[in-house]
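What follows is a short report on a single structure.
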Amino acid sequence: MPDETVEAEVCVVGGGPGGRALALALARLGRSVVLLERRDPGRGAGPAFRGESVSPDGVRLLDGLGAWEQVRGAAHRVDRLEIEDAGRRVLDVRFADFPYRYRHPVELPQPALLSALAELTARQPGPCTVLAPATAVALLGAGPAVTGVRAVTPHGTVRVRAALTVGADGRHSAVRRLSGLGERARRTPLERDVVWLKLPHPADWDRRAYRVRIAGGSHALFLPCADGRVRVGLNVPKGGLRQLRARGLDALRRRLAALAPEVAAAAAREGLRGWSDTALLDIFTTEVPRWSAPGVVLLGDAAHTLSPVLGQGVNHALADAAELAPLLDRALAEGRGAGRALGAACETYQRLREPAVARSRALQLRQERLFTLAGPGAAVLRRALYRTVGASPALRRRVLAPAYFPGQRPGDRHRPAAEASPV
């Protein structure tokens, strides 16, 4: 049978937060979109350890899309960031003290976010056709320009013809590979990987706090979940999971107990059943020199893979979508000249977004280096640095603003309705 053909102005490959947000933004502007999602919607939104942390700036972006009111009931507001090193608290940041309009991060289950974005997209004037499950296997072309995607679905092969194809398909992006944009990409592995798991939240812990626990060169993140549990990101040496698993589940429990005995005790009472309750995240960053080529552009992790420190992936994907959509709308309005206009729009998008991504990457790499300092003298310096940041409001803003408030200006302390407690 011949391939089915579908046409749209924009084809978005990838139905994560960035792809869904771009589809919504374009549909609000009246543009036609086809969205390809690899996961089967009948099987849920995928693994339980996908990004759930939404920064204050991410809340602002969701509010601008009209999506915040849809998801706020599922969100869990966070009030504090606490770092404890060698059993002593060295940093305690309260988000309400920052001079920004949107001040609090939230933990938001990704299925709830994706569902809300999909529901809103369906109500917009621009048509959005969702093909799921659908896997992009090739890019269509006319001369040097990409003109769409060939995708495989359970019902056969589909050709999506579009003026622009957007690769929003994650850190292992097929669009990046197929388009050749990944040929000069620089992948930098970090010194560790992260084992993610969800455990009971200790009864005596503040449920509105992010926690980082450090002991020597080992550390873990403890993030409160909207479902009442705590999401744990436990660092292991790069490639060290095999050795940890060989020593058995008790070795994992001991590593956890050395950093957070409260969490380990709660896990012992209610059970860490097996390695199937964990997920490994290979930690690396990817820098892509060019985010676009004729007829194709990358978004989110496909364009700039970041580490999980400070939960930046979802927020930068949302910011990419918010920046790219109006640029594409104006370019598509050019009619016959849209091809050249789309190329200029994509270059402008990269120029506008690249500095914020670079600042976040630099902050993450500094934090990674601080977390893994193991010598006694280095650990003393690390603790002194955190205490210095904690003692200075100006330093707190300088250090944390690139991660949590990159799109906001200080001074507007008005508390909008959208900033009211979501729980």
Side-chain angles (χ1 to χ4, degrees), residues 3-23 26 33-41 43 45-47 50-51 110 114 128-142 144-189 279 281-306 313-314 316-317 320-321 324 328 342 346 349-350 357:
D3 295 350
E4 179 185 356
T5 299
V6 181
E7 296 189 0
E9 291 172 296
V10 178
C11 176
V12 179
V13 180
R20 289 282 183 180
L22 181 63
L26 290 171
V33 180
V34 170
L35 186 143
L36 304 181
E37 170 50 54
R38 183 172 53 85
R39 295 188 296 271
D40 185 342
R43 297 184 180 180
R50 293 183 177 276
Q110 199 167 110
L114 298 180
C128 179
T129 301
V130 179
L131 302 179
T135 301
V137 294
L139 297 179
L140 308 179
V146 172
T147 59
V149 177
R150 184 171 179 266
V152 175
T153 78
H155 308 291
T157 302
V158 177
R159 290 177 178 267
V160 182
R161 298 197 178 277
L164 184 72
T165 296
V166 181
D169 49 344
R171 62 210 307 255
H172 302 292
S173 170
V175 173
R176 183 175 65 205
R177 173 177 53 81
L178 293 168
S179 64
L181 290 170
E183 291 178 0
R184 297 180 61 192
R186 185 173 69 180
R187 172 171 163 155
T188 304
L281 183 61
D282 177 19
I283 304 300
F284 60 87
T285 65
T286 302
E287 298 176 68
V288 183
R290 290 194 61 194
W291 297 1
S292 64
V296 62
V297 66
L298 305 177
L299 179 148
D301 277 351
H304 43 71
T305 306
L306 299 171
V314 170
H316 277 291
D320 284 356
L324 183 58
L328 298 185
L342 284 169
C346 292
Y349 149 71
Q350 180 174 352
V357 172

Rounded distance [0.5 Å steps], CZ in R20 versus SG in C128: 7.0 Å

Closest non-hydrogen atom pair between P144 and P294, with its separation: O-CB, 4.1 Å

Heavy-atom side-chain contact between C11 and V13 under 4.5 Å: yes

Polar contact flag, side-chain donor to acceptor under 3.5 angstrom, D169-S173: yes

Distance-minimising heavy-atom pair for L139 and V175: CD1-O, 4.4 Å

Sidechain-backbone polar pair: R150 side chain, A138 backbone, donor-acceptor under 3.5 Å: no

Which atom of D282 lies closest to which atom of R187, heavy atoms considered: OD2-NH2, 3.0 Å

Closest approach of G15 to R39 (non-hydrogen atoms, all atoms of both residues): O-NH2, 4.4 Å

Euclidean distance, D301 CG relative to T285 OG1, rounded to 0.5 Å: 11.0 Å

Inter-residue atom distance Y349.OH - L342.CG, 0.5 Å rounding: 14.0 Å

Separation of L26 CG from L164 CG (nearest 0.5 Å): 9.0 Å

From CA spacing to verdict: salt bridge (charged side-chain N to carboxylate O under 4.0 Å, His left out), E287, R186: CA-CA 5 Å; E287 298 176 68; R186 185 173 69 180; 2.7 Å; yes

Atom pair CD (E4) and CG (L131), whose distance is rounded to the nearest 0.5 Å: 7.5 Å

Whether W291 and H304 hold their rings parallel, tilted or perpendicular, with breakpoints at 30° and 60°: tilted

Check: P289 main-chain N/O paired with Q350 side-chain donor or acceptor under 3.5 Å: yes

Side chain to side chain contact (heavy atoms under 4.5 Å, CB included) between L328 and E9, worked out: CA-CA 10 Å; L328 298 185; E9 291 172 296; over 6 Å; no

Between CD1 on residue I283 and CZ on residue R171, distance to nearest 0.5 Å: 6.5 Å

Non-hydrogen atoms of L181 and S292 that approach each other most closely: CD2-O, 3.5 Å

Residue pair V166 / V10: nearest heavy atoms and the distance that separates them: CG2-CG1, 3.8 Å

